[in-house]
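Just the heavy atoms: all of them, side chains too, but no hydrogens, waters or symmetry mates, feed the values below. Since the model is a prediction, treat every value here as computed from it, not as a measurement. Quick note: residue numbers are just sequence positions, from 1.
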Amino acid sequence: LGERSGERLDFFFRYDDYDTMSNGPENAFDNPRFARKVYTFGTNYTLGGVAVLKADYAMRRLGTSVLNGENTFGLGIGFQF
């Protein structure tokens, strides 16, 4: 959105796809739980160029559909110096 008196609202989306077992030793079991996809979306609200409020929601999906996914919600505040 447009800036007004130092206020700003930014939306974001992030996608991660990673497998921490992909390049392991040949004799190691490649556990499907370690193949993950994460979809994150949220917003940052800047207050007067001094503080930033952040809210995001992440959906992490593990290897196979048999495994449970993880959904998280995060809130944060940061200060700019």
Checking Leu9 against Thr43 for the side chain to side chain contact (heavy atoms under 4.5 Å, CB included) test, could you report, in this order, the C-alpha distance in whole Å, the side-chain angles of both residues, the deciding distance, and whether it holds? CA-CA 7 Å; Leu9 184 63; Thr43 186; 3.1 Å; yes
Taking it one step at a time, do Leu53 and Leu47 satisfy side chain to side chain contact (heavy atoms under 4.5 Å, CB included)? CA-CA 8 Å; Leu53 301 173; Leu47 302 163; 4.0 Å; yes
Residues Gln80, Val52; criterion side chain to side chain contact (heavy atoms under 4.5 Å, CB included); working and verdict: CA-CA 8 Å; Gln80 299 180 26; Val52 178; 3.1 Å; yes
Would you please test Glu7 and Tyr45 for side chain to side chain contact (heavy atoms under 4.5 Å, CB included) and show each step? CA-CA 7 Å; Glu7 294 181 3; Tyr45 180 61; 2.9 Å; yes
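Between Arg61 and Glu70 the shortest heavy-atom distance is NH1-N, 3.6 Å.
By the ring-ring contact (aromatic ring centres under 6.0 Å, His included) test, Tyr18 pairs with no residue at all, sequence neighbours left out. In this view, Thr40 and Phe12, Arg14, Val38, Asp56, Ala58 satisfy the side chain to side chain contact (heavy atoms under 4.5 Å, CB included) rule, not counting sequence neighbours. Judged as a side chain to side chain contact (heavy atoms under 4.5 Å, CB included), and not counting sequence neighbours, the contacts of Tyr57 are Phe41, Met59, Asn71, Phe73.
Lys37 contributes atom NZ, which lies 11.0 Å from atom CG of Leu62 (distance to the nearest 0.5 angstrom).
In this structure, Phe11 is not a member of the same hydrophobic cluster as Tyr15, with clusters built from ILVMFWY side-chain heavy atoms closer than 4.5 Å.
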